[in-house]
K.L.:
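Sharing a structure with you now.
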2 protein chains.
Amino acid sequence: MLSKKTKYGIKALTYLAKQENKTPVQIATISNSENISLKFLESILLTLRKNGILGSKKGKGGGYYLLKEPSEIPMTSIMRILEGPISMVPCVSLNFYEKCSDCPDENACAVHNLMLEVRDSTLQIFRNTSLADLCKC
Amino acid sequence: MLSKKTKYGIKALTYLAKQENKTPVQIATISNSENISLKFLESILLTLRKNGILGSKKGKGGGYYLLKEPSEIPMTSIMRILEGPISMVPCVSLNFYEKCSDCPDENACAVHNLMLEVRDSTLQIFRNTSLADLCKC
DNA sequence: AATTACCCTACTTAATTAATAGGGTATGCA
DNA sequence: TGCATACCCTATTAATTAAGTAGGGTAATT
């Protein structure tokens, strides 16, 4: 299941991507518009800033803004930052690989091979979708 | 993330599907062979029996066995029984649909539409994969 | 009748999620 | 300089779920 953190994060990013100009948007503005708990959203945006997706400006007139063009931000980045691994099992993860403690042979594991297929198809979607595509809804 | 419950369940089903004859297999046998906690596996197999995937026989020489041919058991069934919804958000689920509490308009929701795509591609894999396919590894 | 092996309920521990609370700090403007 | 704005950071908490563990009950077979 997708966490609320990721869901809210995507909604906030979409909100920012829809802004015409690139002036910073306050957390409270996004929070109100998207029905997201302010404090929770604060921590999500902070994570996105620390991971190079957002920039921020303090003081009056401050807020958050996108560092890149929406079309230059793939969903793979956003998902990995907010949700973590894209794969359903660590043993098929590209960025978060871990060996299974049970399971002597990965290549002979039915679960492994099935989940590899699922990861590939999901990854293809996320790679081919940018933040700009999400705004077309 | 895939739960251990589902992972173990798939492994156990694969084990049963690989049996030449259809004589019941004891829980302990599967537990030893696949490195699964016996008591945990017990509850998983019970779930599969209650959902029409497995049959069981009590007493000496008893155990669990598949009720259908492996090729007749699609991964969609197994996943829904063990893991629950295939989709990452309830609002795109076919069998476990729930409306989002935030989100006034589903069709205008970026998360919704993205996750719809992901669900479709995942579903396609699960629909086209049967237990028999898993045994080919 | 005894053994085998499934059946069922309840409990526990750990981890994660989704917040909530409360204050700290940098920035810009008057 | 000083004040308001708005980001920054840490800690705590309640609820839920995952992953087992414990212990006994019951049905079927030999």
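Letters A, B, ... mirror the listed sequences (proteins, then strands); counts begin at 1. On a predicted model such as this, the values are computed, not experimentally measured, just so you know.
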K.L.:
Go through it in stages, so that I can follow the logic: the residues are B:T47 and B:I53, the test is side chain to side chain contact (heavy atoms under 4.5 Å, CB included), and I'd like the CA-CA distance, side-chain angles, deciding distance and then a yes or no.
P.N.:
CA-CA 9 Å; B:T47 304; B:I53 302 291; over 6 Å; no
K.L.:
From the 5' end of DNA chain C to its 3' end, which nucleotides mark the outer limits of contact with chain B, defined by a 4.0 Å heavy-atom distance cut-off (strictly under)?
P.N.:
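Range of nucleotides touched by chain B: C:dT4 to C:dC8.
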K.L.:
Can you sort out the partners of A:K50 under side-chain contact (heavy atoms from CB on, under 4.5 Å), two or more places apart, ordered by chain and number?
P.N.:
A:L46
K.L.:
List the atom pairs, with distances to 0.1 Å, where a side-chain N or O of residues 63-92 of chain B and a protein N or O form a donor-acceptor pair under 3.5 Å, not counting sequence neighbours.
P.N.:
{"from": "B:E69", "atom 1": "OE2", "to": "B:K22", "atom 2": "NZ", "distance (Å)": "2.8"}
{"from": "B:E83", "atom 1": "OE1", "to": "B:S3", "atom 2": "N", "distance (Å)": "3.3"}
{"from": "B:E83", "atom 1": "OE1", "to": "B:S3", "atom 2": "OG", "distance (Å)": "2.9"}
{"from": "B:E83", "atom 1": "OE1", "to": "B:T6", "atom 2": "OG1", "distance (Å)": "2.3"}
{"from": "B:E83", "atom 1": "OE2", "to": "B:S3", "atom 2": "N", "distance (Å)": "3.4"}
{"from": "B:S87", "atom 1": "OG", "to": "B:V89", "atom 2": "O", "distance (Å)": "3.1"}

K.L.:
Would you jot down, in residue-number order, the residues of residues 2-16 of chain B having a non-hydrogen atom under 4.0 Å from DNA chain C?
P.N.:
none
K.L.:
When the distance from NZ of B:K39 to P of D:dG23 is rounded to whole Å, what number comes out?
P.N.:
10 Å
K.L.:
Crowded around B:Q124 CD? As in, over 12 foreign heavy atoms under 6.0 Å?
P.N.:
no
K.L.:
Quick one: on DNA chain C, does A:K57 or A:E42 contact a more 5' nucleotide (nearest heavy atom)?
P.N.:
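Mapping each residue to its closest nucleotide by heavy atoms, the 5'-most match is A:E42.
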K.L.:
My understanding is that only residues two or more places apart in sequence, or in another chain, count here; which of them pass side chain to side chain donor-acceptor pair (under 3.5 Å) with B:D133?
P.N.:
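Side chain to side chain donor-acceptor pair (under 3.5 Å) list for B:D133, sorted by chain: B:S130, B:K136.
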K.L.:
Output the distance between atom CG (A:L13) and atom OH (A:Y8), rounded to the nearest 0.5 Å.
P.N.:
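Atom-to-atom, A:L13:CG and A:Y8:OH are 15.0 Å apart.
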K.L.:
Taking A:T29's backbone N and O only, do any of them form a donor-acceptor pair with A:S33's side chain (distance below 3.5 Å, no angle check)?
P.N.:
no
K.L.:
For A:A110 and B:T14, work out which heavy atoms get closest and say how close.
P.N.:
CB-OG1, 4.0 Å
K.L.:
If the test is side-chain contact (heavy atoms from CB on, under 4.5 Å), which one of B:K4, B:K7, B:K5 qualifies with B:I44?
P.N.:
B:K5
K.L.:
Of all of residues 80-94 of chain A, which get a heavy atom below 4.0 angstrom from DNA chain C, listed by number?
P.N.:
none
K.L.:
Between B:N113 and B:N107, is there a donor-acceptor pair closer than 3.5 Å when you use the side chain of the first and the backbone of the second?
P.N.:
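Checked: pair present.
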K.L.:
Establish whether A:I10 and A:I27 are linked, either directly or via other cluster members, by ILVMFWY side-chain heavy-atom contacts under 4.5 Å.
P.N.:
yes
K.L.:
DNA chain D: stems of at least 3 consecutive Watson-Crick or G-U pairs, cut-off 3.5 Å?
P.N.:
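The stems are C:1-30 with D:1-30.
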K.L.:
Of all residues at least two apart in sequence or in a different chain, which pass the side-chain contact (heavy atoms from CB on, under 4.5 Å) check with A:E34?
P.N.:
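A:E34 satisfies side-chain contact (heavy atoms from CB on, under 4.5 Å) with A:K11, A:Y15, A:I30, A:I36 once adjacent residues are dropped.
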K.L.:
Between D:dT21 atom C1' and B:L41 atom CG, what is the distance in whole Å?
P.N.:
15 Å
K.L.:
For A:A28, give me all partners under side-chain contact (heavy atoms from CB on, under 4.5 Å), at least two apart in sequence or on another chain.
P.N.:
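With neighbours one apart ignored, the set is A:L38.
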K.L.:
Nearest 0.5 Å please: distance from the OG atom of B:S93 over to the CG atom of B:L123.
P.N.:
9.5 Å
K.L.:
Are A:L94 and B:V118 connected in a single hydrophobic cluster, I mean Ile/Leu/Val/Met/Phe/Trp/Tyr linked by side-chain heavy atoms less than 4.5 Å apart?
P.N.:
yes
K.L.:
How close or far is atom P of D:dC9 from atom CZ of A:F40, stated in whole angstroms?
P.N.:
18 Å
K.L.:
So, for A:L45 and A:A12, which heavy atoms are closest and what is the spacing to 0.1 Å?
P.N.:
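Smallest interatomic distance, heavy atoms only, reads CD2-CB, 4.0 Å.
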K.L.:
Measure across B:Q26 and B:G62 and return the closest heavy-atom pair with its distance rounded to 0.1 Å.
P.N.:
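Taking B:Q26 first and B:G62 second, the nearest heavy atoms are CG-O, 3.7 Å.
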K.L.:
Heavy-atom contacts under 4.0 Å between residues 43-53 of chain B and DNA chain C, which residues?
P.N.:
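Listed by number, they are B:L46, B:R49, B:K50.
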K.L.:
Mind checking what makes side-chain contact (heavy atoms from CB on, under 4.5 Å) contact with B:K99, not counting sequence neighbours?
P.N.:
B:Y97, B:E106
K.L.:
Identify each atom pair where a protein N or O and an N or O of nucleotides 3-5 of chain D are less than 3.5 Å apart, giving names and distance.
P.N.:
none

